[in-house]
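Along the sequence shown, the residues carry numbers beginning at 1. Read the numbers this way: they start at 1 and go in the same order the structure lists the ligands and their atoms.
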Amino acid sequence: MPLAPSPTLLVTGGAGYIGSHTLIELIQAGYRPIVLDNFSNGSAHALKRVESLTGHALEVIEGDIRDAALLDTVFHQTKAHGAPIQGVVHFAGLKAVGESVAAPLDYYQTNVAGTLTLLQAMDQAQVHTIVFSSSATVYGIPREQPYTEMHPIAPINPYGQTKAMVEQVLRDWCATLPARRAICLRYFNPIGAHPSGMLGEAPQGIPNNLFPFITQVAVGKRSHLNIFGNDYPTVDGTGVRDYIHVLDLAVGHVKALEHARGTTGGFAAVNLGTGRGTSVLELLNTFSAISGRKIPYEFQPRRPGDIAECWADPSTAEALLGWKATRTLEDMCADGWRWQSRNPNGYED
Ligand code: NAD
Ligand code: UFG
């Protein structure tokens, strides 16, 4: 009996941190991903490493999600070649909260207008399935912990607004045609790297986020960590977040696609987190113990816009998608350290 052909997927932003890890899981699950990335924050080296880890030659298109003509061509050509795109995994976007406050139009343009352009091209090609990278940031100031998906949506910065707007667009898009399926995955704090040490997070310039900052201190690229606030009403005064291994997140996308392909249609928003909160100091101490590196730090005032603590109620993901995070904080630190110590300058080595 002939093997069933691998379902073709368009993966926007596949050259980025979460996208590149997800490509590995998608390929291993039997999908044929076509990557569309403008390389504004992604790396062609990451894609080469995905190829060597999986033994699979990737199809890569350098281009922008805001380019309607390009998108039409991509959808049209795959159809003409007999392997039409069956779904889209949509990572492409801008993600720095502070930058979104300084340059909101860029964020609305890329994240919102870019997604509208993508959806219009999907409509033209009659592609009805999308998995979208949303964020826990859509919840804004927590009313209670953990965040469930029923928590009010009230983002407090333009980046979060773009995610909430796209979720609303997808909800309305699904409501107009029963066959349409959109799953918004609300990520908590992805950290860590592929256990091979070949793929990881490679932020440009000074990292905004805690984990890559810690690993850069550990490898000697930065002198010390600034801890923003030690007077929060938390376990030790420092901020608490739900850190999740990037590969657990990647598996979540495969599960979301399986779910979407098995349903008749509709919209869903699902938290992807571990359900466990970890403070800055707890993460720092775990990382030090795993890496054997001392991480000097200084307490600084609270960072504007930060909340004291947040973590996920991940029960919807388990009930709906059959997904649960399996990797520990120690795994996240070990894998993140392996990546950083072997690639001190990211993909530039
Ligand atoms: P990333 O910057 O590493 O990846 C995004 C990719 O999209 C990059 O490769 C970039 O080159 C590409 N891109 C950006 N604009 C594009 C455009 N107009 N057209 C085509 N490609 C474009 O970010 P990431 O951490 O992998 O995040 C992926 C997604 O997940 C983003 O949508 C982000 O907002 C969301 N998210 C990330 C986090 C996090 O902490 N990393 C948390 C919640 C949600
Ligand atoms: N922190 C420091 N020092 C640093 C960086 C961060 O002490 O140099 C602290 C923060 O104050 C916070 C914690 O570490 O308490 C985590 O901060 P991150 O910047 O790593 O993560 P955030 O929770 O602020 O935001 C991240 C992403 C957002 C996303 C959000 C929820 O940056 O895009 O998680 O998913 F929306």
Side-chain angles (χ1 to χ4, degrees), residues 11-22 35-44 46-47 61-67 70-71 89-98 100 106-107 109-111 113-115 117-118 132-140 147 155-157 159-160 162-163 166 184-191 201-204 206-214 216-217 222 224-230 232 234 238-244 246 249-250 253 271-273 278-281 283-284 297-310 312:
V11 180
T12 74
Y17 171 47
I18 303 169
S20 57
H21 288 81
T22 304
V35 174
L36 175 75
D37 201 298
N38 68 359
F39 294 101
S40 57
N41 200 41
S43 164
L47 297 177
I61 298 157
E62 180 166 358
D64 200 293
I65 52 165
R66 293 164 293 178
D67 185 341
L70 173 69
L71 290 173
V89 188
H90 179 31
F91 296 103
L94 304 177
K95 64 164 183 175
V97 171
S100 81
D106 290 349
Y107 275 68
Q109 179 61 242
T110 296
N111 294 4
T115 304
T117 305
L118 175 64
F132 171 63
S133 299
S134 189
S135 168
T137 198
V138 297
Y139 296 123
Y147 284 128
I156 56 169
N157 54 62
Y159 168 69
T162 68
K163 294 294 179 188
V166 170
C184 297
L185 298 177
R186 295 178 179 160
Y187 310 155
F188 279 69
N189 289 56
I191 63 169
E201 188 171 13
Q204 295 174 0
I206 302 171
N208 291 310
N209 296 119
L210 177 63
F211 191 77
F213 207 108
I214 290 176
Q216 291 197 5
V217 173
R222 317 219 167 258
H224 69 281
L225 173 73
N226 290 314
I227 297 183
F228 301 133
N230 62 346
Y232 284 111
T234 60
T238 65
V240 166
R241 297 290 184 274
D242 186 340
Y243 297 98
I244 173 167
V246 65
L249 210 61
H253 292 76
N271 288 340
L272 290 188
T278 301
S279 75
V280 174
L281 285 174
L283 179 60
L284 195 68
Y297 63 84
E298 287 174 12
F299 288 120
Q300 302 290 345
R302 295 179 179 188
R303 187 170 65 175
D306 272 357
I307 55 176
E309 56 184 2
C310 79

A.B. asks: Mark up the atoms of ligand 1 that fall under 4.0 Å of a heavy atom belonging to S134, in ascending order.
C.D. replies: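 Numbered from 1, ligand 1 contributes 43 (C), 44 (C).
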
A.B. asks: Heavy atoms only: which of L272, N189, N41, I18 lies closest to atom 1 (P) of ligand 1?
C.D. replies: N41

A.B. asks: If you count the atoms of ligand 2 from 1 in the order shown, which ones are under 4.0 Å from a heavy atom of R303?
C.D. replies: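 Selected atoms, number and element: 5 (C), 6 (C), 10 (C), 17 (O), 18 (P), 19 (O), 24 (O).
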
A.B. asks: For ligand 1, which atoms have a heavy atom of S133 less than 4.0 angstrom away?
C.D. replies: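 This gives 29 (C), 30 (O), 32 (O), 35 (C) as the contact atoms.
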
A.B. asks: For ligand 1, which atoms, with element, lie under 4.0 Å from some heavy atom of G63?
C.D. replies: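 The atoms of ligand 1 under 4.0 Å from a heavy atom of G63 are 19 (N), 20 (C).
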
A.B. asks: Going by the closest heavy atom to atom 36 (N) of ligand 1, which one wins out of F91, Y17, Y159?
C.D. replies: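 When every heavy atom of F91, Y17, Y159 is considered, Y159 comes closest to atom 36 (N) of ligand 1.
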
A.B. asks: Heavy-atom distances under 4.0 Å decide this one: backbone, side chain, both or neither, for N208 against ligand 2?
C.D. replies: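 Backbone only.
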
A.B. asks: What is the closest protein heavy atom to atom 5 (C) of ligand 1, and at what distance does it sit?
C.D. replies: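 I find the closest protein heavy atom is G93 O, 4.0 Å.
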
A.B. asks: Which ligand 2 atoms does Y243 reach within 4.0 Å, using its non-hydrogen atoms?
C.D. replies: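 The atoms of ligand 2 under 4.0 Å from a heavy atom of Y243 are 13 (C), 16 (C).
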
A.B. asks: Specify the protein heavy atom at minimum distance from atom 12 (C) of ligand 2: its residue, its atom name, and the distance to 0.1 Å.
C.D. replies: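 Result: R241 NH2, 3.6 Å.
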
A.B. asks: Do the side-chain N and O atoms of R186 and Y139 include a donor-acceptor pair separated by under 3.5 angstrom?
C.D. replies: yes

A.B. asks: Any donor and acceptor pair, going by atom type alone, linking the side chain of T110 with main-chain N or O of Y107 inside 3.5 Å?
C.D. replies: no

A.B. asks: Just let me know how T110 lines up against ligand 1, side chain, backbone, both or neither, with a heavy-atom cut-off below 4.0 Å.
C.D. replies: side chain

A.B. asks: Below 4.0 angstrom from a heavy atom of A15, which ligand 1 atoms are there? Numbered from 1 as shown, please.
C.D. replies: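 Here the atoms of ligand 1 in question are 9 (O).
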
A.B. asks: Looking only at N/O atoms, are L210 and ligand 2 under 3.5 Å apart anywhere?
C.D. replies: yes

A.B. asks: For ligand 1, which atoms have a heavy atom of G42 less than 4.0 angstrom away?
C.D. replies: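 Those of ligand 1 that fall under 4.0 Å from G42 are 8 (C), 9 (O), 10 (C), 11 (O).
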
A.B. asks: Just to be sure I'm reading this right: ignoring hydrogens, which of D67, N38, D106 gets closest to atom 16 (C) of ligand 1? Compare them by their nearest heavy atoms.
C.D. replies: N38

A.B. asks: Which residue holds the protein heavy atom closest to atom 4 (O) of ligand 1, what is that atom called, and what is the gap in Å?
C.D. replies: G16 CA, 3.4 Å

A.B. asks: Any non-hydrogen atom of F211 lying under 4.0 Å from ligand 2?
C.D. replies: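 Contact absent.
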
A.B. asks: Just distances here: any N/O of F213 and N/O of ligand 2 closer than 3.5 Å?
C.D. replies: no

A.B. asks: Could you tell me if any non-hydrogen atom of K163 lies under 4.0 Å from any atom of ligand 1?
C.D. replies: yes

A.B. asks: Taking only heavy atoms of G239 into account, list the atoms of ligand 2 that are under 4.0 Å away from them.
C.D. replies: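 Ligand 2 atoms under the 4.0 Å threshold to G239: 15 (O).
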
A.B. asks: Determine whether L210 and L225 make a side-chain contact, defined as any pair of heavy atoms from C-beta on separated by less than 4.5 Å.
C.D. replies: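 Yes, side chains in contact.
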
A.B. asks: What residue and atom, counting heavy atoms only, is the protein's closest point to atom 18 (N) of ligand 1, and at what distance?
C.D. replies: D64 OD1, 3.0 Å

A.B. asks: Taking heavy atoms and a distance under 4.0 Å, where does V280 meet ligand 2: side chain, backbone, both or neither?
C.D. replies: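 V280 to ligand 2: side-chain contact only, backbone stays beyond 4.0 Å.
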
A.B. asks: For atom 34 (O) of ligand 2, what's the nearest protein heavy atom and its distance?
C.D. replies: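 Closest protein heavy atom to atom 34 (O) of ligand 2: N189 ND2, 3.4 Å.
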
A.B. asks: For ligand 1, find out whether one of its N or O atoms is nearer than 3.5 Å to an N or O atom of I65.
C.D. replies: yes

A.B. asks: For ligand 2, which atoms sit closer than 4.0 Å to a heavy atom of D306?
C.D. replies: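 So the answer, numbered in order with elements, is 10 (C), 11 (O), 12 (C), 24 (O).
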
A.B. asks: Tell me which part of Y232 gets within contact of ligand 2: side chain, backbone, both or neither, using heavy atoms under 4.0 Å.
C.D. replies: neither

A.B. asks: Pull out every atom of ligand 1 sitting under 4.0 Å from any heavy atom of P190, numbered as shown with elements.
C.D. replies: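 Within the 4.0 Å cut-off of P190, ligand 1 contributes 39 (C), 40 (O), 41 (N).
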
A.B. asks: Could you tell me whether N226 approaches ligand 2 through its side chain, its backbone, both or neither, with non-hydrogen atoms closer than 4.0 Å?
C.D. replies: backbone

A.B. asks: Please list, in number order, the atoms of ligand 1 under 4.0 Å from a heavy atom of S40.
C.D. replies: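 It comes down to these atoms of ligand 1: 10 (C), 11 (O), 13 (N), 14 (C), 15 (N).
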
A.B. asks: Numbering the atoms of ligand 1 from 1, which are under 4.0 Å from a heavy atom of F39?
C.D. replies: 11 (O)

A.B. asks: With atom 41 (N) of ligand 1 as the reference point, say which of K95, H90, R66 has the nearest heavy atom.
C.D. replies: K95

A.B. asks: Check K95 against ligand 2 and report side chain, backbone, both or neither, counting heavy atoms closer than 4.0 Å.
C.D. replies: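 The answer is the backbone of K95.
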
A.B. asks: Examine F228 against ligand 2 and note whether any of their N/O atoms are separated by less than 3.5 Å.
C.D. replies: yes

A.B. asks: Please confirm whether D37 comes under 4.0 Å of ligand 1, counting heavy atoms of the residue only.
C.D. replies: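 Within the 4.0 Å threshold, so yes.
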
A.B. asks: Which option, Y187, F211, Y107, owns the non-hydrogen atom nearest atom 43 (C) of ligand 1?
C.D. replies: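 Minimum heavy-atom distance to atom 43 (C) of ligand 1 goes to Y187.
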
A.B. asks: Checking the N or O distance criterion of under 3.5 Å, is ligand 2 in contact with T137?
C.D. replies: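 It does not: no N or O of T137 is found under 3.5 Å from an N or O of ligand 2.
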
